[in-house]
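Each chain gets a letter, A, B and so on, in the order the sequences are listed, and its residues count up from 1.
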Amino acid sequence: MLKPETYLREQIARALATAFALENDLEIILERPRQENFGDYATTVALGLAKTLRNAPRSIAETLLEHFADDAGLVEKTSIDGPGFINFTLKPTFWQQYLLQILSEGERFGASGWGGGEKVQVEFVSANPTGPLNVVSARAAAVGDVLVSLFNQVGFDAKREYYINDAGRQVRLLGASVSARYMQLLGHDEPVPEDGYQGDYVIDLAREILDEDGDRYAAQPKEERAEKLAEIALAKMIRLHQAAMEQYRVQYDVWFRESDLRRDNKHQQILETLKQKGLTYEKDGAIWFKSSDFGDEKDRVLITREGEPTYFLVDIAYHEDKYQRGFQKIYDLWGPDHHGYIARMSAAIQALGHPKDSFQVRIIQQVNMLRGGEVVKMSKRRGNIIEMQEVLEEVGIDAARFFFIMRKLDQPLDFDIDLAKKQTDENPVYYVQYAHARVANILEYARSQGVEIADEADVSVLREAEELSVIKKLAEYPEVISKAAKFLEPHRVTNYLMELAATFHSFYQKHRVVSDDVALTQARLKLVQGTKLVLKNALDLLKITAPERM
RNA sequence: GCGCCAGUAGCUCAAUCGGAUAGAGCGUUGGCCUCCGGAGCCAAAGGUUGGGGGUUCGAUUCCCUCCUGGCGCACCA
């Protein structure tokens, strides 16, 4: 498929080579002018070369254009504007043919190969199995899921992973909390530990266990009971989390258990490795890692005074395990409370000899749930939280995914529950889905009128401004995908969907697709099919329904 | 106190690696259905891009400084 950007870059590079004998390693910036009357593409090379060539930008641009060959004859018009922008307008013929190419690519349209099959992993959500999932988890789930899809679209071999912290202190606390509630239900006076889990879900867990297993744990010693109940409660919570992710259309490749790492003593091995590298020392009865040697603000404890491995040590082992499984790039999406944790993890990655940039963390910022204009606060410990399930049930999965993806991931997000529920034009999800339904309906209507949609059509009749605008907008799609993947910005896809929907609605309002003009009808049906295809491709990527009717 | 992120239209947000006249949606105002879905379209009003300096052909974007907001600074996870 001949991409306009690729072609123009190549032609410009050739012109530069013949005109100024410049090496071809120069990166040619090609952008889409903000304003349509400047043409389809613009380059700033002349501005950039002014210094090295010791010449005025406009003069450089002129010389360049004299040597611009346009081998394939795609360019209709070139111009030099402003301080030295070179603008290119492609022939309508090019765009008309491009529409057919988009259709022939089908669901592969938008995909590319620049990832080169590199193995990439995104770890996201990884919520503690000691409580219900909250809305930040819902946001992380949507974002992580779409990131992986984006990576795969552009040629990476990307996997989804969920890390389950099913070991350590938090789990012991859960056990003690469930145990207390269990005994309370049986009429005993066993208080929930002060730093334990206070949420109502703990009572629900205890009641469930009581219903299923009876009071058989009451006779056990407290410690033993807590341990047993921790095990049972944990299994229940994990199943809940897995069910929630599935319902949310997120398919993880791996659910990784911290307890497996501990069982295999992976953390001890890492400790040995760090010791051998001379990166540890003892102080105050604890074992420390010299993370400050690698950019962290201070050193960190690996083994506590009590001889317990810290979460950090086990986490280092976990990340090392990712590398050993062959991943070349590792992305972690963490919650806003893990901000201060990045530097030490990055230090550990480097200490183990991995490239610094092979490990990247993105903080999924806080979500403010607004109801009636008021922020609903949440705190897992107190149990006063908004659960992910509640949100999904209330606003629906399509709206939830769209809203969470719509914003840059490292910025706090205001989620207006009332808006997400509205089935009106205020709600962007419906705007986009409506465009798809409308497009589907046109095809349906054509068939009902006895119009046979031919495989081939003479698209050269598509000369109206609105028609070409739609094709040009469709043509932007692969670039949107590439950039969304490159910059980890899935919100580019939702923005694009809204633009494409608007461009199509605008065309639709002005021109009739199915008419007495047989040739024009066929050509416009191709335009409609192209729009449907790209809307569907993008919505599929986001795992949002593309309805045939609403 | 130190660190990270942010501050753009009344509100929620965009803005291509430093590019041209800073764009959308909602809200407001005014138009558009004998016709493929009006969950739509067209138009108008609305901006000192938090303030001040700097770098240069050019700054919302980079640097410095100040102001404001969020978050983080455990031998917790």
Query raised in the report: Which glycosidic conformation, syn or anti, is assigned to B:C42 if syn requires a torsion within 90° of zero?
Result: anti

Nucleotide opposite [N] in a Watson-Crick or G-U pair, distances under 3.5 Å:
N	result
B:A59	none
B:G40	B:C32
B:A20	none
B:A14	none

Query raised in the report: Do the numbers put A:Arg438 on top of the ring of A:Tyr508, so that NZ or CZ is under 6.0 Å from the six-membered ring centre and no more than 45° off the axis?
Result: yes

**Report entry** Positive for salt bridge (Lys or Arg N to Asp or Glu O under 4.0 Å) with A:Asp40, one of A:Lys473, A:Arg32, A:Lys472
**Finding:** A:Lys472

Let's see if you can work this out: which of [options] has an atom nearest to the side-chain heavy atoms of [X]?
X	options	result
A:Val301	B:U16, B:A77, B:C75	B:C75
A:Tyr434	B:G38, B:A77, B:A20	B:G38
A:Trp288	B:C75, B:A77, B:C71	B:C75
A:Arg34	B:C41, B:C73, B:U16	B:U16
A:Asp414	B:A20, B:C13, B:G3	B:C13

Requested in this report: Looking at every strand, decide which applies to A:Asp315 at a 4.0 Å heavy-atom threshold: base, sugar-phosphate, or nothing.
Outcome: nothing

Query raised in the report: How do A:Lys298 and A:Leu413 order along RNA chain B: which one's closest nucleotide is nearer the 5' end?
Result: A:Leu413

Query raised in the report: Taking atom CD of A:Glu452 and atom OG1 of A:Thr521, what is their separation to the nearest 0.5 Å?
Result: 13.5 Å

Query - For A:Tyr163, all residues meeting ring pair (Phe, Tyr, Trp, His ring centres under 6.0 Å), sequence neighbours excluded - result: A:Tyr318

Query raised in the report: Just wondering, do A:Ile342 and A:Ile363 contact through their side chains at under 4.5 Å, heavy atoms?
Result: yes

Report summary line: Here the distance between atom C1' of B:A39 and atom CZ of A:Arg438, to the nearest Å, is 9 Å

Query raised in the report: Is any side-chain N of the basic residue among A:Glu467 and A:Arg524 closer than 4.0 Å to the acidic one's carboxylate O?
Result: yes

Report summary line: Within residues 82-90 of chain A, the residues having a heavy atom closer than 4.0 Å to RNA chain B are A:Pro83, A:Phe85, A:Asn87

Query raised in the report: Which of residues 39-47 of chain A have a heavy atom under 4.0 Å from RNA chain B?
Result: A:Ala42, A:Thr44, A:Leu47

Query raised in the report: With a 3.5 Å cut-off and no angle check, do the side chains of A:Gln529 and A:Lys526 form a donor-acceptor pair?
Result: yes

Report task. List the atom of A:Ile364, the atom of A:Val143, and the distance in Å for their closest heavy-atom pair. Result -> CD1-CG1, 4.0 Å

Requested in this report: Could you check whether A:Tyr431 and the base of B:G25 form a stacked pair, meaning centres closer than 5.5 Å and planes differing by less than 30°?
Outcome: no

Report task. Would you please classify the geometry between the A:Tyr341 ring and the A:Phe312 ring as parallel, tilted or perpendicular, with 30° and 60° separating the classes? Result -> perpendicular

